[in-house]
Amino acid sequence: MAVLLLFFLFPLSISASGDAFIGVNIGSDISDMPGPTEIVALLKAQSIQHVRLYDADRALLLALANTGIRVTVSVPNDQLLGIGQSNATAVNWVSRNVIAHVPATNITAICVGSEVLTTLPNAAPILVSAINFIHSALVSANLDRQIKVSSPHSSSIILDSFPPSQAFFNRTWNPVIVPLLKFLQSTGSYLMLNVYPYYDYQQSNGAVPLDYALFRPLPPNKEAVDSNTLLHYTNVFDAVVDAAYFAMSDLNFTNIPILVTESGWPSKGDSSEPDATVDNANTYNSNLIRHVLNNTGTPKHPGVAVSTYIYELYNEDLRSGPVSEKNWGLFYADGEPVYTLHLTGAGIIFANDTTNQTFCVSKSNVDPKMLQAALDWACGPGKVDCSPLLQGQPCYEPNNVVSHSTYAFNAYYQKMDKSPGSCDFKGVAAITTTDPSHGSCIFPGSHGTNGTRINGTSLAPSNSTSSGCLSGYYYNRGSFTSSFILAVILLCAVV
């Protein structure tokens with residue numbers, strides 16, 4: 001499988017201390033790909049400070065300049081053979097894609113290929129050569145201490161992975177794995193691993209419980225126990241990471257840290273993928289972020305950082321394969337989130353629902369007539385108290401349909417206890433964690449302080465219906481009138 005912060009000193013040994021980070025992968029198989037400026041704006045709004053690119057896109061690297069965001073660039077698989085066979089080609093690649101952008105763009109790592117052993121086995125013999133050539137070019141530019149080099153691998157190269165203590169790498173790849181691990185050890189780099197509990201669960205024929213894959217709490221008698229070490233495993237993610245540690249130990253490498261370059265859960269699937277759902281994707285990614293940022297480590301190496309890049313920032317609608325392949329993203333291409341992450345206690349990573357304080361607001365760039373109709377419904381059949389919108393009241397200004405509908409939508413959303421579908425209004429409303437209160441206009445659900453940071457929003461399913469009972473709020477050239485509004489509200493309330 002191939003396509004979320006602080007200056008991070010990657011540990012030189014397993015015992016090294018350091019805070020873990022969450023990063024995000026940015027793929028580009030998108031029919032309406034956002035521009036570099038839009039991508040960087042989303043990263044900033046979501047407090048994302050670590051990103052991994054599947055190439056070294058010049059425009060995006062330029063847009064990332066002077067942002068402080070830590071960037072991992074990649075040598076695509078289709079360029080691997082040329083670089084692995086020619087030191088000059090590697091020097092040229094580093095010159096064009098790295099030296100030309102640092103220090104303005106904070107490039108901190110290079111992925112040489114992606115899952116080469118399992119997706120491009122013919123290139124496996126030159127993988128370590130390509131890595132060495134790239135690293136030598138960095139040494140010549142005095143960038144080797146700033147930029148680490150490695151290559152992401154599928155966790156499927158680890159065999160007999162449970163119990164983790166008996167895991168080992170597929171012996172077929174030892175001629176590649178052993179020199180790779182020697183390189184990682186000598187340069188203080190890390191084993192890059194793609195970890196997908198979704199696939200472990202899906203392919204287990206029921207042997208792996210869904211709760212175990214999703215980081216959900218398990219009673220002690222349901223935890224998986226490694227009979228050799230007596231270590232208890234409460235989730236698939238930790239078990240796979242420890243299997244990689246043990247597999248390296250099997251080859252006498254015990255001081256190489258692990259960086260998880262991909263992990264996530266799809267939000268939608270076809271009929272054969274019933275557990276690819278929004279709820280499961282939200283649960284997995286929210287729990288994963290919390291688990292990583294708590295510096296929990298793994299049972300084998302508790303407290304040791306296992307930094308992780310979530311797969312992925314956007315849904316990639318052009319990807320081939322099952323429906324799930326197109327639905328791993330946290331966001332749609334237009335910047336709307338696929339779901340609102342539940343991250344209470346996980347720090348500031350992502351501006352999604354970190355406090356469980358959410359609001360319903362009008363979307364921008366929608367038909368004002370649709371907003372008006374939805375406003376009429378909210379202040380009418382929706383039985384929202386819209387009196388604060390009357391002239392002379394705290395929420396009268398700004399006097400426009402967007403501002404007034406935002407107040408009414410949020411009042412309805414809060415009145416309905418934020419239930420699913422209560423923030424949609426036929427597609428013109430969305431959930432946000434930014435408090436829309438302003439001045440003396442305090443919105444329902446607000447703690448009384450106004451938010452200023454742009455946050456992600458999350459669309460809830462639609463269950464709103466239109467009604468013939470109008471609110472009486474009309475706009476003519478920006479002028480708001482409230483004729484008979486109180487009578488209309490009272491009448492609708494009675495109805």
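Residue numbers start at 1 and run along the sequence shown. Since the model is a prediction, treat every value here as computed from it, not as a measurement. Heavy atoms only: backbone and side chains are in, while hydrogens, waters and symmetry mates are out.
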S.K.: Would a 4.5 Å heavy-atom cut-off, applied to side chains only, mark K44 and V40 as touching?
M.R.: yes
S.K.: Quick one: which of M416, Q414, K415 gives a side chain to side chain contact (heavy atoms under 4.5 Å, CB included) with S422?
M.R.: M416
S.K.: Can you tell if the side chain of S114 reaches within under 4.5 Å of the side chain of R52, non-hydrogen atoms only?
M.R.: yes
S.K.: Roughly how far apart are I310 CD1 and L341 CG, rounded to 0.5 Å?
M.R.: 7.0 Å
S.K.: Any heavy-atom pair between the side chains of Q46 and F331 that's under 4.5 Å?
M.R.: yes
S.K.: Between I110 and W93, is a side chain to side chain contact (heavy atoms under 4.5 Å, CB included) present by the stated rule, with each step listed?
M.R.: CA-CA 11 Å; I110 300 174; W93 192 94; 4.2 Å; yes
S.K.: Report, as yes or no, whether the 6.0 Å neighbourhood of atom CZ on R216 holds more than 12 heavy atoms from other residues, nucleotides or ligands.
M.R.: yes
S.K.: Roughly how far, to the nearest 0.5 Å, is CD of E262 from OG of S154?
M.R.: 9.5 Å
S.K.: Could you check whether S387 and D385, counting side-chain N and O atoms only, form a donor-acceptor pair closer than 3.5 Å?
M.R.: yes
S.K.: Taking the six-membered ring for Trp and the full ring for Phe, Tyr or His, determine whether the centres of W265 and F215 are under 6.0 Å apart.
M.R.: no
S.K.: Just by distance, do the side chain of N287 and the backbone of L214 share a donor-acceptor pair under 3.5 Å?
M.R.: yes
S.K.: With no hydrogens and no angle check, is any side-chain donor or acceptor of N410 less than 3.5 Å from a backbone partner on F359?
M.R.: no
S.K.: What's the verdict on side chain to side chain contact (heavy atoms under 4.5 Å, CB included) for L53 and L61, showing C-alpha distance, side-chain angles and the deciding distance?
M.R.: CA-CA 9 Å; L53 313 184; L61 288 175; 3.9 Å; yes
S.K.: Do side-chain atoms of K326 reach the backbone of R319 as a donor and acceptor pair under 3.5 angstrom?
M.R.: yes
S.K.: Taking all non-hydrogen atoms of both residues into account, name the closest pair between I107 and I147 and its distance.
M.R.: O-CG1, 3.2 Å
S.K.: Which residue in the set Y314, Y284, Y196 passes ring pair (Phe, Tyr, Trp, His ring centres under 6.0 Å) when paired with W328?
M.R.: Y196
S.K.: How about E325 and S320: do any of their side-chain heavy atoms sit closer than 4.5 Å?
M.R.: no
S.K.: For side chain to side chain contact (heavy atoms under 4.5 Å, CB included), just list the numbers for I48 and L313, CA-CA rounded to whole Å, side-chain angles, deciding distance to a tenth of an Å, and then say yes or no.
M.R.: CA-CA 10 Å; I48 298 170; L313 186 62; 4.1 Å; yes
S.K.: I'd like to know if the side chain of S189 reaches the main chain of V149, judged simply by a donor and an acceptor atom lying under 3.5 Å from each other, with no hydrogens or angles considered.
M.R.: yes
S.K.: Atom CG of L330 and atom CG of N285: how far apart are they, to the nearest 0.5 Å?
M.R.: 5.5 Å
S.K.: Could you tell me which non-hydrogen atom of N315 sits nearest to which non-hydrogen atom of G329, and how far apart they are?
M.R.: OD1-N, 2.7 Å
S.K.: Taking all non-hydrogen atoms of both residues into account, name the closest pair between V240 and S155 and its distance.
M.R.: CG1-CB, 3.7 Å
S.K.: Spell out, as yes or no, whether a donor-acceptor pair under 3.5 Å connects the side chain of H404 to the backbone of N399.
M.R.: no
S.K.: What is the minimum heavy-atom distance between V292 and S307, and which atoms define it?
M.R.: CG1-CA, 4.3 Å
S.K.: To the nearest 0.5 Å, what is the distance between OG on S47 and CD1 on I69?
M.R.: 10.0 Å
S.K.: Which residue is it: T261, N25, T118? I am looking for the one with a side-chain hydrogen bond (donor to acceptor under 3.5 Å, both in side chains) to N194.
M.R.: T261
S.K.: Is a side-chain N or O of T105 found less than 3.5 angstrom from the main chain of V102, in a donor-acceptor match?
M.R.: no
S.K.: A side-chain contact here means heavy atoms from C-beta on lying under 4.5 Å apart; do H438 and F443 qualify?
M.R.: yes
S.K.: Kindly indicate, with the supporting measurements, whether the criterion side chain to side chain contact (heavy atoms under 4.5 Å, CB included) is fulfilled by Y212 and Y233.
M.R.: CA-CA 9 Å; Y212 184 58; Y233 289 87; 3.6 Å; yes
S.K.: A side-chain contact here means heavy atoms from C-beta on lying under 4.5 Å apart; do S150 and L259 qualify?
M.R.: no
S.K.: So do N327 and V338 actually touch side chain to side chain, heavy atoms under 4.5 Å?
M.R.: no
S.K.: Between F21 and Y309, does the ring centre distance come in under 6.0 Å?
M.R.: yes
S.K.: With sequence neighbours excluded, what pairs up with D78 under the salt bridge (Lys or Arg N to Asp or Glu O under 4.0 Å) test?
M.R.: none
S.K.: Nearest 0.5 Å, please: how far is CD in E312 from CG in D29?
M.R.: 8.5 Å
S.K.: Considering non-hydrogen atoms only, spot the tightest contact between A20 and N295 and give its length.
M.R.: N-OD1, 2.7 Å
S.K.: Please answer whether the main-chain N or O of V195 pairs with a side-chain N or O of S263 as donor and acceptor at a distance below 3.5 Å.
M.R.: yes
S.K.: Look at the side chain of Q79 and the backbone N and O of P76, then say whether any donor-acceptor pair between them is shorter than 3.5 Å.
M.R.: no
S.K.: Show the nearest heavy-atom pair for residues D424 and K426, with the distance to one decimal.
M.R.: OD2-N, 3.0 Å
S.K.: Is there a side-chain contact between D238 and H291 (heavy atoms, below 4.5 Å)?
M.R.: yes
S.K.: So, taking the atom named CZ in R70 and the one named CG in L64, what distance separates them when rounded to the nearest 0.5 Å?
M.R.: 12.0 Å
S.K.: Which pairs count as salt bridge (charged side-chain N to carboxylate O under 4.0 Å, His left out) when at least one residue sits in residues 263-272, sequence neighbours excluded?
M.R.: none
